[in-house]
Structures are given as C-alpha cells and as structure tokens.
2 protein chains.
Amino acid sequence: MAGELVLGEVVTSKSEQTKAEILRAALEVLRESGAEGLTMRGVANACGRKLNNVQYYYKDKAVLLNSLANYHFQLCENFVEDFEPSSGELSAKAQLHEAIVYSLNYAASLSDSCLVFRELWAISTRNEAVQANLTDYYTEAFNRMVEFWYDYPLENRKKAAAILVPYVDGYSIQCQALPYSEAEMANLLTDVIYAVLTKELAE
Amino acid sequence: MAGELVLGEVVTSKSEQTKAEILRAALEVLRESGAEGLTMRGVANACGRKLNNVQYYYKDKAVLLNSLANYHFQLCENFVEDFEPSSGELSAKAQLHEAIVYSLNYAASLSDSCLVFRELWAISTRNEAVQANLTDYYTEAFNRMVEFWYDYPLENRKKAAAILVPYVDGYSIQCQALPYSEAEMANLLTDVIYAVLTKELAE
DNA sequence: GTAAAATTTGGTCGACTGACCAATATTTTT
DNA sequence: AAAAATATTGGTCAGTCGACCAAATTTTAC
C-alpha cells in the first residue's frame, strides 16, 4: 500500500507517482534529444503512455518543461548530498582535495545531469521561470559548499565557493580542451582553493 | 578551397557575401529563438530571402548549423583580439586585473555571443562536428591566454589559463547567483591568478 | 452496488517543418 | 548577342508538432 518514496518525500498519491514517472521519461528525452527533440509524444513513448495521457497530467508543454527543470534540480541536490567524505583521518587539505576530485570527476564524466544542465542553460535564456529556479539552485549549491568548509573563516569560505562552484560548470564544458588531466587540475585547484580558505583576514 | 568566409578586408565573391549574410541572420535567429526556433524559414525571413534561396546556399540544416557555429567562433576570436590593454604604465598585477575585468564583464553582460554559446554547448552534445570545432575554439582561447601573459613562467601561465578560461564560462552561467559583485569577483580572481602566475617553480 | 471522480484512449485540427522539383530570372562567359 | 553558369522563385510533399474534444475505462467514495 505504502507508495514509493519519490524524492525523499513521504507517501505520494498514485497521481503524483505517475507525474514523477512522466518526468523521469521527460528527463531522459531531454538528455538524449535536447530541447528540440523534447516533444509531448516523445515523452509519452518514453514512458509507455499515450500522448493524451501525458497531457492529462501536464496540460502544457510549458508546464511540463518547468516541472522537468525543478525535478532535475531536486535530483541534483540529492546527488550532491550523497557525497560523504571518507572516514579516515585526512588532513584539512586532503579533505579538500577529495571533494574537488569528486566535483571535477562529476563534471568531466559528462554525466546525465551534466548534459541536462547544458539544455537548461539554453532554455533558461528564454524561459524566466526556469531561469529563476536555476539561479535558486546555484544559490543553494553555493551555500552548501560554504557550509561544507565549516572550519574556515566564513568570508574565506564564501570566496572559495565563488571560485570553485562556477569553475566546475566551466570545467564541464572545457575539460576536453585543457592540457591537464583531471587529477592535475584537481591538484592545482586544491592548492588555489586551500590558499583562499586559509588566507589571513585583513581586519 | 577559397570557400572560407573572410570577415574583414579581403574581397569576397558575391556568393560568399550572401552566405555570410545568411549566417548573420541565422546567428540572430539562434540567439533569439534557440536551437528549437532555428528554422530554415526563420533564417530566410531574418535576411529577407526566400526559403529556397537559403537552401540553395546551405542545402541542409546540418550544413547551415555547422557553418553557423564556425562563423560564431570566428566572430568571437575577432572580438577577443579587440582587447587592447590600456597604454598607461600599469603594474603587472594591474594589467592582469584589467584583463580579468574585461573577461568577467563580457561574461556577466550576457552578450549575444554569450547566449549563442549556451545554445552551442547544448547542440555540441549531439553534434560531433560542432563539438570538435568547439573544442578547437577553446584550445585556441587557452593558447591566446597563455601568450597574453608572456612574461611569466610558461608552466604558471598554463595553470593560470586552465583556471581562468573555464571559470569565465562558469561565471557567465552563475554570476547572478553569486553574492559578490563583478568588481569584487575581479579583485578576488586577480589575487588568485596572480598568485598562480608568480609562484616559484619547483625544480 | 451504484454514482461520482479520476484516469486512459481514439481521433481530429491547423500550423509548421525540411526536403524536393521545376521553372524563371539574373549574371557571367564566350 | 548567344550560351552557360549562377541565382531566385513558386509550389508541393509527407511528416511532425501541440492543442483540443468526446468517449470509454478504471478507480474511488458513498
């Protein structure tokens, strides 16, 4: 009886499960075919439903798209929270290095969510709702990063996050064009970010 | 062959001029309507031509898209070359700061080319030709940056470029979500990049 | 068990797309 | 001036799109 958990929420109605199922399919279509190829019919096929059925849950393509973007952001937040620093006793810098390796690997592997972001960046240019939700997502990503480094001075943490968080997105785009391996970039970034985190504050 | 479009001085055949005129219109359509809205008819309208006429010069939508991407990369290279450091005598760090301000301003202003890149990032996911040309473009951007800092050690220049060049792309996406102004980020980045450039080389 | 609500299906509609063919007009070459 | 190459136009084609309506089916509430 107890419905599947969707996104960590409590029991969801069947209707909500169906909507989530459709969003999962829509996300797959968006990733594989881009915004051009994201059609109501395509989504319906991807989840074994009829066009009219999808339209019953999402009356508009605009509604579907906005829900889709938010669903993606939720998935990404869950993913980020999955990162657990290894339990061994690492130096502060080694902990930082571990997190940076994790981040760059995510970006360079061109994971599904990475490709979806590319679509959403383009979509957000002409879709204010998606744009607003995207900005909110990045604000939260920034705050999570700031909290992650809790034992450094706050101002330094903010500066470090303001460098690292955007960098990861840029790296996901350009990593193939850089003359350094992922590991080399991780080492370089660790040095740079660590210097920012540990810089003495001017008073 | 002489088929390359020359954007400036050299005399181009009428055919080449027409092709360039079409690409200009196509670029405008791509920027305003995205990859979804980029249609042969739309491009034709944007340059006051008939559909069949556009198809005469670009038989395929795929051909048009690839030419369009290359045209955009050319424009961007011209734009970057337009940057001239101010002629006054600036300290090394002030020169760096000037270039970083220029870069961040380009990214944060969401200029036309900035928005077109968002489309191309998405398109390149499913278009190998565009993907290859995009990577080439970034490689050249990286090399230009490395050359720009000619009086620092080469290894440091490469590291600095490997940080700054991707960062600018990420910044163009996230700048609205960061708690720092453009000027503040420029100051922060200047400190960070300068430290990388001037770091003593391990032997 | 029946009525009401929620869900699923079938079918249609005008609008738009890229590709294609044939014909005309313009420019260039001879 | 005639011929040839280049450029432009008109029209058609099958395919796809989102939106919409009406009906049938299933589930839920009473």
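Residue numbers start from 1 in every chain, and the chains themselves are labelled A, B, ... in the order their sequence lines are given, proteins ahead of strands. Just so it is clear, the structure is predicted and the values come from calculations on it, not from any experiment.
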For B/Ala107, all residues meeting side chain to side chain contact (heavy atoms under 4.5 Å, CB included), sequence neighbours excluded: B/Val168, B/Tyr171, B/Ser172
Enumerate the residues from residues 37-47 of chain A whose closest heavy atom to DNA chain D is under 4.0 Å, giving them by residue number; use none for an empty result. A/Leu38, A/Thr39, A/Met40, A/Arg41
Mind checking ring-ring contact (aromatic ring centres under 6.0 Å, His included) for B/Tyr57 and listing every partner two or more places apart, or none if nothing turns up? none
Taking ring-ring contact (aromatic ring centres under 6.0 Å, His included) as the test, write out the residues that go with A/Tyr137, two or more places apart. A/Phe73, A/Phe117
Go through DNA chain D in 5' to 3' direction and return only the first and the last nucleotide with some atom under 4.0 Å of chain A's heavy atoms. D/dC17 to D/dC20
Qualifying residues under side-chain hydrogen bond (donor to acceptor under 3.5 Å, both in side chains), relative to A/Ser111, sequence neighbours excluded: none
Non-neighbouring partners of A/Tyr106 that pass ring-ring contact (aromatic ring centres under 6.0 Å, His included), sequence neighbours left out: A/Phe79
Pair B/Ser91-B/Gln95, side-chain donor/acceptor within less than 3.5 Å: no
Under 3.5 Å, sequence neighbours excluded: what are the donor-acceptor pairs made by side chains of residues 37-50 of chain B?
from    : atom 1 : to      : atom 2 : distance (Å)
B/Thr39 : OG1    : B/Gly42 : N      : 2.9
B/Arg49 : NE     : B/Glu21 : OE2    : 3.4
B/Arg49 : NH2    : B/Glu21 : OE1    : 3.4

Once side chain to side chain contact (heavy atoms under 4.5 Å, CB included) is applied, do any residues pair with A/Glu98, and if so which ones, sequence neighbours excluded? A/Pro85, A/Ser86, A/Leu90
Any pair counted as side-chain hydrogen bond (donor to acceptor under 3.5 Å, both in side chains), so long as it reaches residues 28-38 of chain A, sequence neighbours left out: A/Arg31-A/Asp112
Where at least one partner belongs to residues 178-196 of chain A, residue pairs that pass side-chain hydrogen bond (donor to acceptor under 3.5 Å, both in side chains), sequence neighbours excluded: A/Lys93-A/Asp191, A/His97-A/Asn187, A/Tyr180-B/Glu155, A/Ser181-A/Glu184
Pairs under 3.5 Å (N/O, protein and nucleotides 6-11 of chain C):
from   : atom 1 : to      : atom 2 : distance (Å)
C/dT7  : OP2    : A/Tyr56 : OH     : 3.2
C/dT8  : OP1    : A/Arg49 : NH1    : 3.4
C/dT8  : OP2    : A/Asn53 : OD1    : 2.9
C/dT8  : OP2    : A/Asn53 : ND2    : 3.4
C/dT8  : OP2    : A/Tyr57 : OH     : 2.7
C/dT8  : O5'    : A/Asn53 : ND2    : 3.3
C/dG10 : N7     : A/Asn52 : ND2    : 2.7
C/dG10 : O6     : A/Asn52 : ND2    : 2.2
C/dG11 : O6     : A/Asn52 : OD1    : 3.1
C/dG11 : O6     : A/Asn52 : ND2    : 3.2

